[in-house]
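Predicted model, so just to flag it, every value in this text is computed and none were measured.
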Amino acid sequence: MLPDEARAELLDFEVTRELRGLGPSLAESVARHLVAAGMYLDEDPALALAHARAAAALASRIAAVREAVGLAAYHAGEFTTALAELRAARRIDGSPRHLAVMADAERGLGRPERALLLARDPGAAELGEESRIELLIVLSGARRDLGEPEAAVLLLQDEVAASGVQPWSLRLWYAYAEALLASGRPADAARWFASVATVDDAQETDAADRAASLEDAEPGSPTGSSTEAGPSGEDPAS
């Protein structure tokens with residue numbers, strides 16, 4: 001059942017435009033299911049997926065609809081479905097914007113080597129800056145999955161040094177800290193977890209706790225002389 005608050009007018013304008021060829025009544029039903037899918041995506045991904053599938057049952061040839069199914073399936077942990085639907089969406093509209101999600105779905109299926117292959121996808125060169133960084137974060141995780149932590153560090157190293165504070169810094173720095181920790185550099189990892197904590201105003205991550213636990217695990221560790229400084233070469237905890 002569609003919730004009353006899932007109103008068609010809340011749908012993104014570009015997606016609404018995609019639905020115009022369906023006719024008013026059908027377009028409204030599809031739109032409301034898509035809005036409901038977005039509403040529940042984080043709190044109840046299974047319900048979000050049910051609404052996305054309801055939209056697909058009505059309009060399976062719309063890229064935004066297949067995309068909605070793919071994203072909901074990804075959040076619900078149904079990675080095979082996520083890949084199939086996101087590939088279908090891409091066949092319809094040609095956009096590579098979800099390469100990072102597709103790569104992470106490959107990781108979720110235990111296929112990190114396939115995730116790495118997506119770095120060679122021609123569409124990777126078309127990604128905007130944030131999408132490109134998200135793909136690198138996933139690829140770094142795939143390197144860790146394969147037991148190659150130093151390669152995971154190298155994938156992110158230049159971006160961390162050059163990015164300053166950006167909308168994606170929280171995710172980038174956290175992934176970098178994870179890679180440093182996996183490569184046997186806990187003092188450096190602690191500094192970058194602390195960097196995350198300085199920009200994580202909404203406390204979306206456990207970075208502060210991770211930094212504290214690493215510092216507690218190494219009493220008297222020479223974090224001040226670590227080879228990895230925080231952003232702009234400053235101590236991120238200062």
Side-chain angles (χ1 to χ4, degrees), residues 1-112 114-115 118 121 123 127-128 130-131 134-135 137-139 141-142 145 167-168 170-171 174-175 202-206:
M1 181 179 293
L2 281 162
D4 292 339
E5 58 269 33
R7 305 190 309 275
E9 61 266 26
L10 297 178
L11 193 64
D12 180 83
F13 174 76
E14 293 299 323
V15 180
T16 299
R17 189 165 61 181
E18 283 190 66
L19 303 181
R20 285 177 181 169
L22 299 176
S25 179
L26 182 56
E28 181 174 2
S29 295
V30 172
R32 292 190 66 198
H33 278 297
L34 292 179
V35 171
M39 287 170 47
Y40 294 121
L41 194 59
D42 292 324
E43 65 181 69
D44 192 342
L47 183 54
L49 180 55
H51 280 292
R53 282 176 166 153
L58 299 171
S60 62
R61 296 183 181 182
I62 304 293
V65 172
R66 304 299 290 270
E67 176 184 296
V69 179
L71 293 176
Y74 169 77
H75 280 266
E78 297 190 18
F79 300 122
T80 298
T81 298
L83 282 167
E85 294 297 322
L86 291 175
R87 286 170 181 152
R90 189 178 181 186
R91 285 195 296 272
I92 296 168
D93 71 2
S95 172
R97 62 184 170 275
H98 292 304
L99 281 177
V101 177
M102 294 167 68
D104 208 36
E106 294 286 12
R107 288 183 67 205
L109 290 168
R111 304 188 304 217
R114 293 197 186 185
L118 287 173
D121 188 295
L127 295 175
E130 185 164 9
S131 295
E134 292 291 349
L135 180 58
I137 289 170
V138 175
L139 297 179
D145 295 343
W168 54 83
L170 185 151
R171 300 183 299 280
Y174 194 100
Q203 297 184 335
E204 297 176 17
T205 74
D206 60 352

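Partners of Glu9 under the side chain to side chain donor-acceptor pair (under 3.5 Å) rule, at least two apart in sequence or in another chain, are Arg7. In this view, Asp121 and Arg90 satisfy the salt bridge (Lys or Arg N to Asp or Glu O under 4.0 Å) rule, not counting sequence neighbours. In terms of the ring pair (Phe, Tyr, Trp, His ring centres under 6.0 Å) criterion, residue partners of His33 (sequence neighbours excluded) are, by chain and number, His51. The salt bridge (Lys or Arg N to Asp or Glu O under 4.0 Å) search around Arg17 returns Glu14, not counting sequence neighbours. Here Arg171 pairs with Glu130, Glu134, Ile137, Trp168 under the side chain to side chain contact (heavy atoms under 4.5 Å, CB included) rule; sequence neighbours left out. Partners of Tyr40 by side chain to side chain donor-acceptor pair (under 3.5 Å), not counting sequence neighbours: none found. Scanning for side chain to side chain donor-acceptor pair (under 3.5 Å) contacts around Asp206 gives Tyr174, with sequence neighbours left out. For Glu43, the salt bridge (Lys or Arg N to Asp or Glu O under 4.0 Å) test picks out no residue, with sequence neighbours left out. Applying the salt bridge (Lys or Arg N to Asp or Glu O under 4.0 Å) criterion to Glu5, with sequence neighbours excluded, gives no partner residue.
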Could you give the side-chain donor-acceptor pairs of residues 22-29 under 3.5 Å, partners two or more places apart or in another chain?
from, atom 1, to, atom 2, distance (Å)
Ser29, OG, Ser25, O, 3.4

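The shortest heavy-atom contact between Val138 and Ala100 is CG2-O, 3.7 Å. Minimum interatomic distance between Ala64 and Leu34 (heavy atoms only, all atoms of both residues): O-CD2, 4.5 Å. Contact record, Ala37 with Ala52: CB-N, 4.0 Å, taken as the closest heavy-atom pair. Leu86 approaches Val101 most closely through the heavy-atom pair CD1-CG1, 3.7 Å. The two atoms that bring Gly70 and Ala82 nearest to each other are O-CB, 3.4 Å, heavy atoms only. Closest approach of Ala76 and Ala46 over heavy atoms only: CB-N, 4.4 Å.
Without hydrogens or angle criteria, Arg32 side chain to Ala6 main chain gives a donor-acceptor distance under 3.5 Å.
Interatomic distance, Arg87 CZ to Leu83 CG, rounded to the nearest 0.5 Å: 4.5 Å. Here the OH-CE distance, from Tyr74 to Met102, works out to 12.5 Å after rounding to the nearest 0.5 Å. Taken from CG in Leu99 to CG in Asp104, the straight-line distance is 12.5 Å, to the nearest 0.5 Å.
Residue pairs that meet the salt bridge (Lys or Arg N to Asp or Glu O under 4.0 Å) test with at least one member in residues 46-71, sequence neighbours left out, are Arg53-Glu78, Arg66-Glu85, Glu67-Arg97. Residues in residues 81-104 take part in no ring-ring contact (aromatic ring centres under 6.0 Å, His included) pair, two or more places apart or across chains.
Residues Leu11 and Leu19 are in side-chain contact: their nearest non-hydrogen atoms beyond the backbone lie under 4.5 Å apart. Between Val30 and Ile62, the closest side-chain pair of non-hydrogen atoms is not below 4.5 Å.
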